[in-house]
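Right, one structure below, let's go through it.
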Amino acid sequence: MENAKAIGTPLSPTIVLDEDRNGKMVDEAMYRGMIGSLLYLTASRPDIIFSVCKCARFQSAPKESHLTVVKRIIRYLIGTTELGLWYDHTNNFSLRGFSDADFAGGKTDRKSTSGTCQLLGNALVSWHSKKQNCVALSTTKSKAYRN
């Protein structure tokens, strides 16, 4: 991968990762090592968290299609070595938080993924992304009926 061509995004929006039951198996130890290294990098590169976590779901039976996506993330990192977190010296201590979730975004199990981030001034200080434990059956609110 030393001479790999850089790429502009860590994960293509058109790629759907699934179990790929008919795909060719790859070495689990190598795949897990690559995922572990990428997870370590997420401490300073939050732009790859979503993509790496998507790939980490397939560590028990990785296929060539999963390895291709991991290699794409590495190609993205090759082209963006100048990116990272920047904490400017400022007196702006306004704390802001954002959150979002998709509805049944998982194509195989229909589970939702939610995420949050917190900023202190303009500096990202905390972030979180998680696949939900249960499947949401509806997005509608329940109504209380009165007698």
Using the rule that Ile, Leu, Val, Met, Phe, Trp and Tyr join whenever any side-chain heavy atoms are under 4.5 Å apart, tell me whether Met30 and Val69 fall into a single cluster.
yes

Ring pair (Phe, Tyr, Trp, His ring centres under 6.0 Å) with Phe58: which residues, sequence neighbours excluded?
His66

Tell me if a side-chain donor or acceptor on Tyr31 pairs with a main-chain N or O of Cys55 at a distance below 3.5 Å.
yes

If you draw a 6.0 Å radius around CG in Asn122, do more than 12 non-hydrogen atoms from other residues or ligands fall strictly inside?
no

Please assess Ile35 against Gln59 for the test side chain to side chain contact (heavy atoms under 4.5 Å, CB included), listing each intermediate value before the final yes or no.
CA-CA 8 Å; Ile35 293 294; Gln59 292 184 74; 4.0 Å; yes

What's the separation between atom CH2 in Trp127 and atom CG in Leu119, rounded to the nearest 0.5 Å?
10.5 Å

Roughly how far, to the nearest 0.5 Å, is the CG atom of Leu120 from the CZ atom of Arg96?
9.5 Å

List the steps, then state whether side chain to side chain contact (heavy atoms under 4.5 Å, CB included) holds for Met34 with Leu67.
CA-CA 9 Å; Met34 293 171 82; Leu67 184 60; 3.7 Å; yes

Separation between CZ (Arg75) and OG1 (Thr68), nearest 0.5 Å, reads 10.0 Å

Where do Leu77 and Leu38 land on the side chain to side chain contact (heavy atoms under 4.5 Å, CB included) test, with the steps shown first?
CA-CA 10 Å; Leu77 290 169; Leu38 290 172; 3.6 Å; yes

Do Lys63 and Met25 come close enough that some side-chain heavy atom pair is under 4.5 Å?
yes

State, with a plain yes or no, whether a side-chain heavy atom of Gln118 is found less than 4.5 Å away from one of Leu124.
no

Which pair of heavy atoms, one from Glu28 and one from Pro62, lies closest together, and at what distance?
CG-CD, 3.5 Å

Side-chain heavy atoms nearer than 4.5 Å, only ILVMFWY residues, links allowed to pass through others: does that put Val70 and Ile15 together?
yes

For Arg72 and Thr9, test the side chains for any donor-to-acceptor distance below 3.5 angstrom and give the result as yes or no.
yes

For Gln132 and Ser114, which I'm curious about, is there any donor-acceptor pair between the side chains at under 3.5 Å?
yes

First locate atom CZ of Arg32, then atom OG of Ser37, and finally report the distance between them rounded to the nearest 0.5 Å.
14.0 Å

With heavy-atom distances below 4.5 Å as the criterion, would you say the side chains of Arg45 and Ile48 are in contact?
yes

Here the gap from Lys24 atom NZ to Ser65 atom OG, rounded to the nearest 0.5 Å, amounts to 13.0 Å

Apply side-chain contact (heavy atoms from CB on, under 4.5 Å) to Asp100 and list each qualifying residue two or more places apart in sequence or on a separate chain.
none

Looking at CD1 of Ile7 and CD1 of Ile74, how far apart are the two atoms once the value is rounded to the nearest 0.5 Å?
12.5 Å

Tyr76: partners by side-chain hydrogen bond (donor to acceptor under 3.5 Å, both in side chains), with sequence neighbours left out
Asp47

Heavy-atom closest contact (Thr42 atom, Leu39 atom, distance)
OG1-O, 2.5 Å

Can you hop from Ile78 to Leu83 via hydrophobic side chains spaced under 4.5 Å?
yes

